[in-house]
Amino acid sequence: MSNGDDEPDDDAAETGGASADELETRLDEAADALEAAETEADLDEVETTLDDVEADLEAADLPEPDEDDEDAEDPREELESRLSDLRDDLESQRGPYADDVIDILDAAQGTVTDSEWTEAGEPDAHDAVDAFLAASEEYVDHDADAGSDLDAAADALGTVADAIESADLDADEDAETIAGLLEAAETLEDALEAAEVWDDLTVQEQLDVKGFYDVLTNENRKDFPAEWNAAKIHAKEGNLDIVLFALETLGSEYMEEYIIDIFYHLGSEAEPAFDVMNQRAQKRDKGPIKVLGKIGDERATETLHDFIDGDGDPALQKVTLRSLGSIGSEESVQPVANRLDADNAEIRSSAARALGMLGDTRAVAPLADVLESDESDEVRASAAWALRQIGTEDALDEAAKYTDDRAYLVQAEAEKASGA
């Protein structure tokens with residue numbers, strides 16, 4: 001840059017920054033060096049040059065484009081763009097490296113062991129490993145054996161990866177060896193990708209492979225859809241594992257509701273579905289909560305107690321209280337009794353009935369208090385019913401006090417308690 005008298009610009013002199021033309025020339029030289037590079041060392045020198053240019057570009061005091069002119073040139077932006085392109089070209093010329101092959105083999109190991117292969121996909125995956133082992137022997141010594149299953153095949157890939165690492169291959173001196181190994185590894189990668197996994201199948205194909213439709217005959221195919229009837233037959237025959245598979249696979253809201261209803265009507269026989277129902281119940285799904293009550297496994301209480309804490313969704317609390325009553329764990333007595341003070345009368349009524357189903361004598365006193373003082377006759381009637389279910393002499397005596405109650409529902413329960 002210069003002033004009107006063709007003298008050096010003082011600011012530019014003070015900064016000592018490179019000009020755009022100087023930086024452009026250095027990038028031209030780097031491009032020529034990159035084209036001529038034959039070794040990794042040559043490429044390292046080019047990278048050092050680019051690093052220096054980048055540092056000088058950042059420090060350079062280059063003219064700013066005219067903001068009012070959309071077509072104005074921006075020398076900094078143009079130089080940064082060219083620098084970025086040269087770095088991309090540099091990286092594309094590097095390697096391949098032995099580590100590139102090892103990385104592919106590490107990923108292939110995970111694919112082999114973690115994928116859910118179909119009956120057809122599993123042998124294809126094993127054959128892909130066998131083919132790689134044969135191809136890689138041309139380039140590196142190893143004694144890897146794919147064995148007869150995929151675990152052994154995955155171990156074999158690890159053996160080859162260790163052999164490649166131990167060979168200490170040089171990107172320049174062993175370029176052909178590395179290229180051959182890389183080609184074999186990429187072929188393995190493609191073959192594993194092509195081998196069939198469960199996710200490649202449609203839902204109906206997955207169910208068919210599992211034998212879900214095998215129970216259907218010409219006579220029992222009348223119900224529609226076929227999945228509806230197959231699930232019902234499998235449940236009746238006790239094949240709950242395949243019914244659970246259908247539940248997780250189908251994804252139809254209608255079929256989910258239907259299968260959960262099947263479990264509900266199986267009652268305690270639906271115990272094999274406990275883990276799945278308990279997991280779904282944690283999402284506050286009322287259907288699985290009802291099923292848990294029917295199964296009656298006390299492990300569900302840890303999940304269900306959280307749903308009756310506070311004055312949240314009344315419908316959820318009512319369903320949960322009924323299920324807790326059905327399960328019958330003594331650990332539920334206090335959490336359920338706490339809901340006798342709920343603001344919602346329906347929740348208080350459900351809590352009272354749940355206590356009756358639990359049948360614990362510790363509930364007699366709080367139920368007697370509800371029967372005496374609750375403002376809702378429906379809640380009081382539920383308390384009287386619960387006292388009858390507990391059935392001890394004290395419980396029956398408390399309920400029997402109200403044979404002349406103002407509310408018919410309470411009176412009727414009191415009369416049953418008194419034996420009248």
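Just so it is clear, the structure is predicted and the values come from calculations on it, not from any experiment.
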Determine whether [X] and [Y] make a side-chain contact, defined as any pair of heavy atoms from C-beta on separated by less than 4.5 Å.
X	Y	value
Ile308	Pro335	yes
Ser349	Ser376	no
Asp124	Trp117	no
Leu266	Lys294	no
Thr49	Arg26	no
Ile262	Tyr258	yes
Leu188	Leu157	yes
Leu244	Ile259	no

Between [X] and [Y] (side chain of the first, backbone of the second, donor and acceptor by atom type, cut-off under 3.5 Å), is there such a pair?
X	Y	result
His126	Ala146	yes
Asp200	Val197	yes
Asp360	Ala363	no
Ser136	Leu133	yes
Ser84	Glu80	no
Ser166	Asp162	yes
Arg348	Asp343	yes
Glu205	Thr202	yes
Ser382	Ala352	no
Gln109	Ala154	yes

Is a side-chain donor-acceptor pair under 3.5 Å present for [Y] with [X]?
X	Y	value
Glu331	Thr301	no
Glu227	Tyr213	yes
Gln334	Asn338	yes

Point to revise | Worked check of salt bridge (charged side-chain N to carboxylate O under 4.0 Å, His left out) between Arg280 and Asp275 | key: CA-CA 9 Å; Arg280 286 174 170 252; Asp275 288 337; over 6 Å; no
Practice item. In sequence, state the C-alpha distance, the side-chain angles, and the governing distance for Arg76 and Asp74, and then conclude on salt bridge (charged side-chain N to carboxylate O under 4.0 Å, His left out). Key: CA-CA 6 Å; Arg76 181 178 299 278; Asp74 184 348; 5.8 Å; no
Nearest non-hydrogen partners of [X] and [Y], listed with the distance:
X	Y	answer
Gly211	Ile242	C-CD1, 3.7 Å
Leu86	Ala31	CD2-CB, 3.8 Å
Leu62	Ala20	CD2-N, 3.7 Å
Tyr264	Val291	N-CG2, 3.9 Å
Ala144	Ala156	CB-O, 3.5 Å
Ala300	Leu292	CB-CD1, 4.0 Å

Practice item. Please assess Val160 against Leu181 for the test side-chain contact (heavy atoms from CB on, under 4.5 Å), listing each intermediate value before the final yes or no. Key: CA-CA 10 Å; Val160 177; Leu181 286 169; 5.5 Å; no
Does [X] have more than 12 heavy atoms from other residues, nucleotides or ligands lying within 6.0 Å of its [atom1]?
X	atom1	result
Glu183	CD	no
Asp114	CG	yes
Glu302	CD	no
Gln204	CD	yes
Glu248	CD	yes
Asp88	CG	yes

Can you tell me how far the [atom1] atom of [X] sits from the [atom2] atom of [Y], to the nearest 0.5 Å?
X	Y	atom1	atom2	result
Glu378	Glu346	CD	CD	6.5 Å
Glu29	Leu34	CD	CG	13.5 Å
Glu189	Leu182	CD	CG	9.0 Å
Thr303	Ile289	OG1	CD1	9.0 Å
Met277	Ile295	CE	CD1	7.5 Å
Glu257	Asp261	CD	CG	9.0 Å

Before accepting this row, confirm whether a basic side-chain N of the pair [X]/[Y] lies closer than 4.0 Å to the acidic partner's carboxylate O.
X	Y	result
Asp285	Lys290	no
Glu237	Lys232	no
Arg299	Glu271	yes
Arg87	Asp51	yes

Review point. Any idea how Phe245 and Trp198 line up, ring-wise: parallel (<30°), tilted (30 to 60°), or perpendicular (>60°)?
Key: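 It falls in the perpendicular class, over 60°.
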Practice item. Using the salt bridge (charged side-chain N to carboxylate O under 4.0 Å, His left out) rule, take Asp377 and Arg380 through it: C-alpha gap first, then chi angles, then the decisive distance, then the call. Key: CA-CA 5 Å; Asp377 288 338; Arg380 294 175 61 242; 3.1 Å; yes
Practice item. Evaluate the side-chain contact (heavy atoms from CB on, under 4.5 Å) criterion for residues Met255 and Leu247: first the C-alpha distance (whole Å), next the side-chain angles of each, then the deciding distance (0.1 Å), finally the verdict. Key: CA-CA 7 Å; Met255 284 302 301; Leu247 173 66; over 6 Å; no
Practice item. Apply side-chain contact (heavy atoms from CB on, under 4.5 Å) to the pair Leu358 and Val336, showing each step before the final yes or no. Key: CA-CA 10 Å; Leu358 289 168; Val336 172; 4.2 Å; yes
Point to revise | Verdict with supporting geometry, Leu250 and Leu207, side-chain contact (heavy atoms from CB on, under 4.5 Å) | key: CA-CA 9 Å; Leu250 285 168; Leu207 290 171; 3.6 Å; yes
